[in-house]
Structures are given as structure tokens and as C-alpha cells.
Amino acid sequence: MQQHFASDNYAGICPEATAALLEANTGHAPAYGDDDYTRQVSDRLREVFETDCDVYFVFNGTAANSLALATLCQSYHSVICHPLAHVETDECGAPEFFSNGAKLLTAAGEQGRLTPEAITEVATRRSDLHFPKPRGLTLTQTTEVGTLYRPDQVATIADTARRLGLRVHMDGARFANAVAALDVAPADITWRAGVDVLCFGGTKMGLPVGEAVVFFDRKLSEDFAWRCKQAGQLASKMRFLSAPWLGMLTDEVWLKHARHANAMAQRLSAGLVAAGIELLFPTEANGVFARLPAAVEAGLRAKGWRFYTFIGAGGARFMCGWDTLPATVDAILADIRHLTGASDAIRS
Ligand SMILES: Cc1ncc(COP(=O)(O)O)c(C=O)c1O
Ligand SMILES: C[C@H](O)[C@H](N)C(=O)O
């Protein structure tokens with residue numbers, strides 16, 4: 001089966017998650033999260049984040065983000081996000097729908113990152129009754145264009161949010177890649193930096209399905225189970241959503257796989273630069289964003305390569321996953337060199 005660079009959600013289930021899933025498939029277990037596997041992995045996540053966080057498992061990232069944001073605000077509030085934020089560009093209005101109408105307000109920033117200045121401008125732009133009062137802020141780590149927020153950047157943004165009366169949500173669809181790239185403690189770029197709720201992506205890091213919604217402020221999660229149930233996000237066989245996490249969170253398997261994906265992105269990025277292809281953003285995690293000549297893009301697609309060009313600020317996005325092979329990276333680089341006429345003497 002050919003590997004692709006369209007998304008890290010093209011990859012299969014990593015061996016460790018598969019083993020944990022099969023191990024959980026023994027006999028009967030209580031439903032709706034009342035099973036031992038869900039208890040075990042929730043406790044394990046409390047160890048990973050070094051705090052008594054409240055943990056829920058939902059089927060996908062759009063549900064995780066939308067339901068988490070809905071806990072931060074009322075329908076007449078607004079949530080500030082980056083213009084390239086997934087919640088703004090790729091969730092089909094789900095955040096607005098599940099919050100019964102909270103409005104997303106965009107605040108620009110270079111390289112996919114929010115800035116305190118832009119957040120402040122949007123949050124203080126109007127205070128009249130006709131404007132949806134800002135109450136939430138969402139940042140994506142890693143960002144939709146493959147960049148990172150360093151711990152101090154998260155803290156500065158969260159401090160700004162707190163001063164403005166905003167609750168902070170983190171879309172961590174690629175949180176594993178961020179922790180691996182930054183080499184920090186997960187707590188240092190979440191609750192210690194002022195994040196109130198994290199949507200921890202499981203799907204893209206090697207699980208079969210599912211995301212963890214991790215609340216660092218239990219006042220926010222008081223009724224979240226009911227919100228999940230009403231949204232059709234309460235799995236009856238929850239153990240099969242939660243147990244694979246045990247495979248990932250043992251011996252830091254999640255970070256091993258994230259480091260590999262990040263390394264493949266570095267390999268690809270270096271090869272593209274060597275072939276004279278312009279990068280649109282720095283390669284800081286597992287995504288590579290490049291400006292491809294139209295003929296090269298068409299040629300790659302004709303050769304069967306799948307990659308997105310609708311993400312971020314245009315250009316081509318190449319996402320590396322836990323299972324991306326070095327040979328796959330070298331194969332697309334060889335095709336790109338051939339299509340650009342770059343010398344084969346250039347090695348990736
Ligand atoms: C940054 C980001 N957030 C959220 C999501 C939503 O995830 P899902 O496609 O599982 O709804 C994605 C999708 O891959 C994503 O890239
Ligand atoms: C863009 C698409 O929705 C998916 N979130 C991805 O990053 O591949």
C-alpha cells in the first residue's frame with residue numbers, strides 16, 4: 001500500500017495501540033466509560049500531566065474541539081481564534097453549532113500563531129450590547145501550518161487571555177508532535193502555562209480513533225459527560241476508545257512515534273530545500289509546507305501522490321505520520337527532483 005503525505009490520519013494503528021486494543025477485547029466490561037481500561041488511562045493521563053485533570057474520550061477532533069469550546073462560553077459569547085484555525089476553517093460550523101451560536105472571531109498572526117496584541121485588539125474592539133462578548137480563546141498546538149508555540153508563548157497568550165476574562169482552549173490534534181519537538185513536560189505547555197482545556201489528539205498519533213478532552217479546571221467539565229451524550233459522543237464500548245491510549249502512554253511510545261514523524265518531516269524539508277523548492281513555513285513538527293510549481297504539483301498527482309493544497313495559506317502540505325518510511329520520503333523527493341529537473345546529484 002503506497003504511503004501518502006495528505007494527512008497523518010492516513011496512517012494505520014501503531015502496533016502498541018493495536019496490542020492494547022486486542023488486550024482489552026477480552027470478555028465483558030461495563031459500558032459508557034465505567035470500565036477499568038478507561039479508569040486506568042484516565043489515571044495515566046493525570047500522571048502524564050502531573051495534575052488531577054478530568055478526562056473524557058470522544059470520537060474525533062471536531063467533536064472534541066466543539067464540545068470543549070461549548071463549555072467555555074454561552075451562545076451570546078465569542079471565541080477568539082487564528083484565521084487558519086481548524087475550528088474556523090475545517091469543522092463546518094460545529095463549534096458554533098454545539099455552543100448554540102457562539103461566534104468565532106479571528107485574530108491574525110504570523111506563521112499560524114496568535115499574538116497577545118491581536119488577541120487584545122479583538123477582545124477590546126467593542127464592549128457594546130450588540131457585539132458577542134469575547135469569553136474564549138483557542139490556540140492550536142502544533143499550529144495548522146506546522147509551527148509551534150514555545151512554553152513562554154503559550155504562557156504569554158494565556159496571561160493575556162486571563163486579563164481579558166477569556167478561558168483558554170488548546171486544539172492539540174498534533175499535541176504529541178509538539179511535546180516531542182519542544183522536548184518539554186506536557187504540563188509546561190498546558191495547565192502550568194494557563195490552558196484550561198486541551199483536546200489531545202489520539203487519531204493522528206497512531207490510535208484507531210478518538211481524542212481525549214483533558215480539563216485542567218474541573219469547574220468547566222462539571223456537566224461535560226451529559227454534553228457528550230447529547231452530542232452522540234458517548235461511546236457505549238468506551239474501552240475500545242480508551243484502551244489503545246494505554247499502549248501509547250506506556251514507555252512514552254506516543255513520543256517515540258511523534259519524534260519519528262517529526263524526523264521524517266525534517267528529512268523531507270531538507271530534501272525540498274536542496275531541490276530548490278521554497279518552504280512556506282519553518283518545519284517545526286511533522287508538517288512541511290511548500291510552494292510547488294504547478295507542473296510539479298500536477299506531476300506528483302499524476303504519479304499517484306496524495307497531498308493537500310487547501311490547508312493554511314495555500315501551497316502544498318506534506319504531513320508525516322508515525323509510520324512514514326524514510327524510503328517514502330526519498331521516493332517523493334526523487335519524483336520532485338525529476339519533475340523540477342533538479343540534479344540527481346543533490347541528495348536528500
Ligand atoms: C489542527 C486540527 N484540529 C482538529 C482536527 C479535527 O480532527 P477530526 O478530523 O478528527 O475531526 C484536525 C483534523 O485533522 C486538525 O488538523
Ligand atoms: C484538514 C483535515 O481536516 C485534517 N484536519 C488534516 O489535518 O488532515
Side-chain angles (χ1 to χ4, degrees), residues 29-46 48-49 51-81 85-87 91-105 132-140 158 161-162 164-173 175 187 190-191 194-203 209-242 245:
Y32 300 112
D34 195 19
D35 62 281
D36 287 341
Y37 301 100
T38 303
R39 250 187 300 282
Q40 279 176 54
V41 72
S42 299
D43 288 341
R44 182 73 188 103
L45 281 165
R46 287 185 266 271
V48 167
F49 285 98
T51 188
D52 182 30
C53 46
D54 201 5
V55 182
Y56 298 83
F57 297 95
V58 296
F59 291 108
N60 64 26
T62 297
N65 285 336
S66 305
L67 295 172
L69 289 175
T71 68
L72 302 186
C73 56
Q74 298 296 327
S75 57
Y76 44 84
H77 286 141
S78 54
V79 174
I80 296 170
C81 67
H86 196 269
V87 293
E91 300 191 1
C92 192
E96 297 90 332
F97 176 77
F98 284 105
S99 62
N100 297 312
K103 187 170 179 61
L104 294 179
L105 299 176
K133 181 188 277 188
R135 180 50 51 86
L137 170 83
T138 176
L139 68 162
T140 309
R162 193 172 302 101
L164 295 165
L166 309 176
R167 288 291 200 182
V168 180
H169 162 264
M170 177 175 277
D171 174 351
F175 184 74
T190 53
W191 64 273
V195 173
D196 293 302
V197 54
L198 165 70
C199 293
F200 187 169
T203 309
V209 63
E211 319 282 285
V213 183
V214 183
F215 287 92
F216 302 111
D217 178 349
R218 283 179 176 261
K219 289 195 298 300
L220 291 172
S221 57
E222 207 171 320
D223 293 338
F224 193 68
W226 283 267
R227 192 179 288 279
C228 289
K229 178 64 184 183
Q230 186 178 63
Q233 288 293 320
L234 179 66
S236 55
K237 291 189 176 180
M238 183 69 78
R239 59 170 155 161
F240 297 132
L241 217 53
S242 59
W245 282 85

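Numbers here are sequence positions counted from 1. Not measured: the values here are computed from a predicted model. Atoms considered below: every heavy atom in the structure, side chains included; atoms not considered: hydrogens, waters and symmetry mates.
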- Message: Pair T203, N60 - check side chain to side chain contact (heavy atoms under 4.5 Å, CB included), show working.
- Response: CA-CA 7 Å; T203 309; N60 64 26; 5.7 Å; no

- Task: Tell me, with the steps shown, if S242 and D35 meet side chain to side chain contact (heavy atoms under 4.5 Å, CB included).
- Result: CA-CA 10 Å; S242 59; D35 62 281; 4.1 Å; yes

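- Panel note: side chain T38, backbone D34; no donor-acceptor pair is recorded below 3.5 Å.
- Side-chain atoms of R218 come within 3.5 Å of backbone N or O of C53 as a donor-acceptor pair.
- By the 4.5 Å heavy-atom criterion applied to side chains, S221 and Y56 are counted as neighbours.
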- For K229 and Y32, run side chain to side chain contact (heavy atoms under 4.5 Å, CB included): C-alpha distance rounded to whole Å, both residues' side-chain angles, the deciding distance at 0.1 Å, then the answer. CA-CA 10 Å; K229 178 64 184 183; Y32 300 112; 4.2 Å; yes

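- Among L105, V87, L137, T138, the single residue meeting the side-chain contact (heavy atoms from CB on, under 4.5 Å) criterion with V79 is T138.
- Atom SG of C199 and atom CG of L69 lie 7.0 Å apart (nearest 0.5 Å).
- The SG atom of C228 sits 11.0 Å away from the CG atom of D223 when rounded to the nearest 0.5 Å.
- One distance of note links OG of S42 with CZ of R44; it measures 12.5 Å at 0.5 Å rounding.
- The CZ atom of F200 sits 10.0 Å away from atom OG1 of T190, with the distance rounded to the nearest 0.5 Å.
- Residues V55 and A212 come closest through the heavy atom pair CG1-CB, 4.5 Å.
- Rounding to the nearest 0.5 Å places NZ of K219 at 12.5 Å from CG of D54.
- Put simply, OG on S99 and CZ on R227 are 8.5 Å apart, with the number rounded to the nearest 0.5 Å.
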- Task: Report the C-alpha distance between L72 and R135 in whole Å, list the side-chain angles of each, state the deciding distance to 0.1 Å, and finish with yes or no for side chain to side chain contact (heavy atoms under 4.5 Å, CB included).
- Result: CA-CA 7 Å; L72 302 186; R135 180 50 51 86; 5.7 Å; no

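- Across all non-hydrogen atoms, the minimal contact from F98 to A231 is CE2-CB, 3.5 Å.
- E96 places no side-chain N or O within 3.5 Å of a backbone atom of L104 that could act as its donor or acceptor partner.
- With contacts defined as side-chain heavy-atom distances shorter than 4.5 Å, the pair L241/V209 qualifies.
- Pairing each heavy atom of A63 with each of Q233, the nearest pair is CB-CD, 3.3 Å.
- None of T140, N65, D196 except one satisfies the side chain to side chain donor-acceptor pair (under 3.5 Å) rule with H169; the exception is N65.
- Shown here for P132 and H77, the closest heavy-atom pair between the two residues is CB-O, 3.8 Å.
- Looking at every heavy atom in both residues, S66 comes nearest to A94 through OG-CB, 3.2 Å.
- Under the 3.5 Å distance criterion, the side-chain polar atoms of W191 are matched with a main-chain donor or acceptor of F49.
- Closest heavy-atom contact between N100 and S75: O-CB, 3.0 Å.
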